[in-house]
Amino acid sequence: MTAPTNTTSAEKFNARKVFYDQIAKQNLAPLWERVGGLVTRSPQPAAQPVRWTYSSVRTNLLAAGALLSAEEAERRVLILENPGMPGQSRVTGSLFAGLQLLMPGERAHAHRHAASALRFFLEGSGAYTSVDGERTVMARGDFVITPGWTWHDHGNDGADPVIWLDGLDVPIVNLFDASFSEGSSAKETPASHPAHDCEARYGAAMLPEGYRAESLSSPLINYRYARVRENLAALHRNGPLDTCHGVKLRYANPLTGGSVMPTLSAGIQLIPSGFHTAPYRSTDGTVFVVVEGMGRSTIGDASFEWAENDIFVAPNWALQQHRADSEAVLFSFSDRAAQEKLGLWREQREASAS
Ligand code: 1HN
């Protein structure tokens, strides 16, 4: 094809279109038509700011409980699906989140998968998770991890329904097309350690003599809320407050000080009554769970009021500001750990919209 001369812009446009259609058949495409969408000047997440009120999710979860057993469902989870990505089972571009229900006496049988999972326990008592043969009984506000490829099963030995939040890195594993999973013929993982053994070994700023890490994840599977809450209260008394976060603690792997799992980071913050956090943004789209208190957040162009157990999402690089109307505690998790390893993570404190 020779380059046409004296062509009008319509002719040029048409000639290019013919060319693009032709090369598409040979699995070729013009970068110059696409580069703006590939290499954006700043993050352009499909995820939207969104909030779920606990009362509405809980009602639907209990309705699901009447429709099918945990055994039938394998995991009776309602997916928190971001409306910016319908049908994709994602709460942000890289994260899965859902709420799981176990009725009294129910079991969720053992399985394992490449994806890493975290749980934040919201309601009920007497439920446990077992991770590679060690049980941990969960209480409200406890943060529990299930590192990738560990066997895990759950059970509710209490008298009431239990509900917790599940967070997983499934979209990351699937981006890499590296998903494996396996069921077990045993309904429960055989006990390999006494319940709560890891808390004595790794949970007190001490480590067993001679211990060597074998995993990329924390050896502590339950970070208990009772302890975390006392620490937040002490740090609030002792100060200072962070202008963007109030008092914020990161859940750390006690062996390394790094994130609890290779892809997932989690934290918890206290926002004093009446405190208004300064504008903040970071490249990790973040899921927040209201543990205590009431307040409101502005996330990008959206504003939400929130109360106990509500869940909301701050998309990647969206400006966030939180205000507590009563002393509030917010749990949050994101893919920050993965972004940091890849040299991608950025934050902007006291950011202005631009
Ligand atoms: C899973 O294995 C659990 O083990 C919960 O409780 C939620 C969501 C997606 C994929 C696997 C669980 C899940 C999940």
Side-chain angles (χ1 to χ4, degrees), residues 47 52 57-58 60-61 64-65 68-82 85-103 105-124 126-138 142-158 161-189 217 221-222 260-264 266 285 287 289 311 313 331 333-335 338:
W52 290 268
V57 183
R58 183 180 191 278
N60 288 312
L61 206 44
L68 75 175
S69 66
E71 187 149 15
E72 286 173 294
E74 183 168 343
R75 295 297 191 263
R76 195 198 288 111
V77 175
L78 286 184
I79 300 170
L80 300 171
E81 189 164 73
N82 193 292
M85 292 167 287
Q88 295 186 32
S89 307
R90 301 177 195 216
V91 69
T92 68
S94 63
L95 299 173
F96 171 98
L99 288 194
Q100 181 159 173
L101 168 72
L102 275 186
M103 298 301 283
E106 283 190 325
R107 300 274 176 274
H109 296 166
H111 71 192
R112 62 178 175 173
H113 36 67
S116 301
L118 60 80
R119 325 212 178 269
F120 192 78
F121 197 82
L122 294 176
E123 179 181 331
Y128 64 84
T129 283
S130 155
V131 180
D132 269 347
E134 180 175 332
R135 274 193 190 192
T136 187
V137 177
M138 299 181 285
D142 285 359
F143 169 66
V144 171
I145 64 166
T146 307
W149 212 239
T150 56
W151 288 105
H152 52 285
D153 60 86
H154 322 298
N156 179 2
D157 291 336
V162 301
I163 297 176
W164 66 78
L165 172 108
D166 291 307
L168 289 95
D169 62 359
V170 165
I172 300 178
V173 173
N174 288 343
L175 168 69
F176 290 118
D177 282 324
S179 173
F180 291 92
S181 67
E182 214 179 337
S184 169
S185 48
K187 290 184 173 176
E188 291 177 9
T189 324
S217 298
I221 59 178
N222 191 344
V260 289
M261 292 182 285
T263 51
L264 298 172
V287 179
V289 182
I311 296 159
V313 171
F331 166 81
F333 75 97
S334 77
D335 67 5

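Numbering of ligands and ligand atoms starts at 1, following listing order.
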Problem set entry | Trp151 backbone acceptor or donor facing Asp132 side chain under 3.5 Å | yes
For this session: Would you mind running through ligand 1 and noting each atom that sits below 4.0 Å from a heavy atom of His113?
Result: 1 (C), 2 (O), 11 (C)
Exercise. Are the charged groups of Arg135 and Asp153 less than 4.0 angstrom apart, N to O?
Worked result: no
For this session: Name the closest protein heavy atom to atom 6 (O) of ligand 1, giving the residue it belongs to and the distance to 0.1 Å.
Result: His154 NE2, 2.6 Å
Problem set entry | Protein heavy-atom partner closest to atom 10 (C) of ligand 1 - residue, atom, separation in Å | Leu168 CD2, 4.0 Å
For this session: Determine whether the aromatic ring centres of Phe120 and Phe143 lie less than 6.0 Å apart.
Result: no
Problem set entry | Ring centers of His111, His109 separated by less than 6.0 Å | no
Exercise. Is the shortest N/O to N/O distance between Arg75 and ligand 1 below 3.5 Å?
Worked result: yes
For this session: May I ask you to list the atoms of ligand 1 that are less than 4.0 angstrom from any heavy atom of Phe96?
Result: 8 (C)
Exercise. Does Glu74 have any salt bridge (Lys or Arg N to Asp or Glu O under 4.0 Å) partners at least two apart in sequence or in another chain, and if so, which?
Worked result: none
